[in-house]
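As the structure is a prediction and not an experimental result, all values here were calculated from the model. Side chains included, hydrogens not; waters and symmetry mates left out as well; all remaining heavy atoms used.
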Amino acid sequence: MSLFRCASLVFLSSALLAPLTSASAADDVRRSAALRYDDACAAGDGACALNALQARSRPALTGDGQARGTDDAKGAGDADDGWVWPEDVALKQMMGTEFSLHEYGDVFNFASPIVNRQCPHFVAYLWPQISFWTQEILRRVETFPADAPAEEQAKLQHFARNAAYTSCDVFFDPRSGSSFSEHVTGHMQSVMDLPSTSLEMPDLPEYFSKLEGAQRMKLIAFDACMMWTQAMSCDLGYIGRDLKGSKDTGGKVCWDKVPLPANGMTIVGVNMYPDRPKLNESLIDEFDHTDYLACQEKPLLVEDIASWCPMAGHWPVGMWNASWGEPSPLGSQRRSDVLTCNKKIGNPSFSSLTAEIVHIADEGEDIDIMKPFRGYLINKTSMEQLMDEAMATPRSVTDESVKNMAEQVAQAVLKVAAKQALKTALAR
């Protein structure tokens, strides 16, 4: 596996999303969230106090009233009903091979737990997009015939693929204060107004096609995030619907009524929004999203996110040195609904990485919701060739490449230091 593939795995640790595997870390997050609810309720808001009490007293729910971690959930990941996708399937989703896993198993085992810790951060920050788009996918899947021909399923998948793109472009934020809020909300509304039987994805407003330079680069979404959204679209759609509850938004998007966070989102210590201040490292601030109650009946609780993030148990527990979230309990309606939804949309084969690391709205072949088409940002053929080579590169070759690169960097540093020392000596 080449340096390119190593870089891809490192990227996944900041773009693909996963659970808090450490119980102590999860406890810290819960305590921090509870403290923030206390602060928010200091003014004596009765409704807020009730939500805070519920947040700290109830266990994480599966969506049909059953608590995760109960006896009903035990063994749910061992059932032979198709909920868990075995390692060979997960490897295909990651564009990996048995050879690459054999040669680089330690990299998989090292990167996965790092990936795991980012999921609650990402989900909590971008929940308005995740909730909206996965619910739009879900309502179309629910009306989609179970016996539909392959060409019709392809149309459903194409809608879901474009929806995954809009969900994963971190600047496609409908919240007020976002530079694209008005235009993103308008596009969301046009999708929301279509019937559940429609598999059409309307083009983005013309405003976006006129963007150039740095602004155009805000139209980028990462392939790894899109793969995750597709894999989890059924689970996330139901979770979003549960949280919305009976909240009446008048048939409107609503998320444009929620203010944009003042700070950026921090992933593995890096601020993903250079135009916003870096978030205080405090978990208290990071998971404070009582503002979401403007558009949903129930609060988004970090303990709930940590229970299912990132894969709701669709990948085997312990695979690649990580936990992949808890599955819905055996015999639950939620489990049955998600299995039916995944079968209709074609998961797990539908959700796989591609050779393209990033996507943009006007590439035309894969994502095609902005015209005129300009093609992929990175040459598709070259990327596919690079990925094929990466999957067939022995570990010894990669190690030698890393060694050579380290030596070159060290030599360059020494040269700069020597020049600076000489300059200093001559100046004396």
Side-chain angles (χ1 to χ4, degrees), residues 11 15 122 126 128-140 154-230 233 252-253 255-256 260 272-275 345 350-384:
F11 157 73
F122 185 96
L126 293 175
Q129 290 169 246
I130 294 170
S131 176
F132 177 86
W133 287 110
T134 56
Q135 286 187 72
E136 286 301 310
I137 294 172
L138 177 61
R139 74 180 179 95
R140 285 161 173 79
K155 294 178 183 178
L156 173 65
Q157 291 178 338
H158 189 60
F159 174 88
R161 180 71 171 163
N162 277 309
Y165 162 78
T166 51
S167 179
C168 288
D169 182 337
V170 297
F171 290 99
F172 270 27
D173 197 323
R175 287 174 284 193
S176 62
S178 163
S179 56
F180 295 157
S181 176
E182 176 186 352
H183 307 287
V184 168
T185 302
H187 182 250
M188 284 179 159
Q189 191 66 52
S190 67
V191 175
M192 192 176 181
D193 289 343
L194 292 172
S196 298
T197 53
S198 173
L199 301 180
E200 171 196 0
M201 175 63 81
D203 284 348
L204 294 177
E206 186 180 2
Y207 168 86
F208 291 104
S209 64
K210 297 178 180 178
L211 298 179
E212 295 293 345
Q215 287 296 99
R216 174 172 158 74
M217 290 300 101
K218 289 184 177 181
L219 305 183
I220 287 175
F222 286 102
D223 188 70
C225 175
M226 292 168 61
M227 169 266 186
W228 173 78
T229 303
Q230 291 165 221
S233 57
K252 300 298 182 182
V253 172
W255 291 112
D256 58 323
L260 188 72
M272 306 301 287
Y273 295 87
D275 61 334
I345 205 169
F350 168 53
S351 50
S352 297
L353 294 177
T354 72
E356 294 295 315
I357 296 176
V358 294
H359 295 272
I360 195 163
D362 57 3
E363 60 190 31
E365 185 175 333
D366 190 352
I367 306 304
D368 58 357
I369 54 175
M370 187 169 76
K371 297 177 180 64
F373 297 147
R374 301 194 193 184
Y376 290 105
L377 286 172
I378 307 173
N379 182 272
K380 182 181 180 183
T381 302
S382 298
M383 288 298 298
E384 289 175 345

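- Heavy-atom minimum distance, S131 versus Q135: OG-NE2, 2.9 Å.
- Using a distance-only test at 3.5 Å, with no hydrogens or angles considered, a donor-acceptor pair links the side chain of R139 to the main chain of M192.
- Between W133 and H187, the angle of the ring planes lies from 30° to 60°, which puts this pair in the tilted group.
- In summary, R216 and D169 do not engage in a salt bridge, as defined by a charged side-chain N under 4.0 Å from a carboxylate O.
- Between C168 and T229, the closest heavy-atom pair is SG-OG1, 3.3 Å.
- H158 approaches D366 most closely through the heavy-atom pair CE1-O, 3.2 Å.
- Contact between H183 and P205 at its shortest, heavy atoms only, is O-CG, 3.6 Å.
- Note on ring orientation: taking the six-membered ring where Trp is involved, the planes of F208 and F172 are tilted (angle from 30° to 60°).
- At distances below 3.5 Å, at least one donor-acceptor pair connects side-chain atoms of T134 with backbone N or O atoms of I130.
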### Task
Test L219 against M370 for side chain to side chain contact (heavy atoms under 4.5 Å, CB included), laying out the working first.
CA-CA 10 Å; L219 305 183; M370 187 169 76; 3.6 Å; yes
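- The shortest distance between side-chain heavy atoms of N162 and I367 falls below 4.5 Å.
- Among residues two or more places apart in sequence or in another chain, the salt bridge (charged side-chain N to carboxylate O under 4.0 Å, His left out) test is passed with K155 by E152.
- Under a 4.0 Å N-O distance rule, the pair D173/K218 does not qualify as a salt bridge.
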### Message
As a quick check of understanding, evaluate side chain to side chain contact (heavy atoms under 4.5 Å, CB included) for I137 and F159, giving each step before the final call.
### Response
CA-CA 8 Å; I137 294 172; F159 174 88; 4.2 Å; yes
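- With sequence neighbours left out, the side chain to side chain donor-acceptor pair (under 3.5 Å) criterion links Q157 to no other residue.
- Residues V191 and P202 have side chains in contact (heavy-atom distance under 4.5 Å, counting atoms from C-beta outward).
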### Task
Assess whether side chain to side chain contact (heavy atoms under 4.5 Å, CB included) is satisfied between M217 and L377, documenting all intermediate values.
CA-CA 10 Å; M217 290 300 101; L377 286 172; 4.2 Å; yes
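- Taking a 6.0 Å sphere around CD of E212, one finds it holds more than 12 heavy atoms contributed by other residues, nucleotides or ligands.
- Looking at F180 and Q215, their side chains come closer than 4.5 Å, going by heavy atoms from C-beta outward.
- Exactly one of M201, E136, R140 qualifies for a side-chain contact (heavy atoms from CB on, under 4.5 Å) with L194. That residue is R140.
- In this structure, the ring of Y165 has its center no less than 6.0 angstrom from the ring center of H359.
- At distances below 3.5 Å, not a single donor-acceptor pair connects side-chain atoms of E356 with backbone N or O atoms of D223.
- Residues L199 and L156 approach most closely at CD1-N, 3.7 Å, considering heavy atoms.
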### Task
Check the pair T166 / I369 against side chain to side chain contact (heavy atoms under 4.5 Å, CB included), numbers first and verdict last.
CA-CA 10 Å; T166 51; I369 54 175; 3.7 Å; yes
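- Distance check, rounded to the nearest 0.5 Å: CD of E182 to CG of D256 gives 10.0 Å.
- Listed here is the closest heavy atom pair of L353 and A224: CD2-CA, 3.5 Å.
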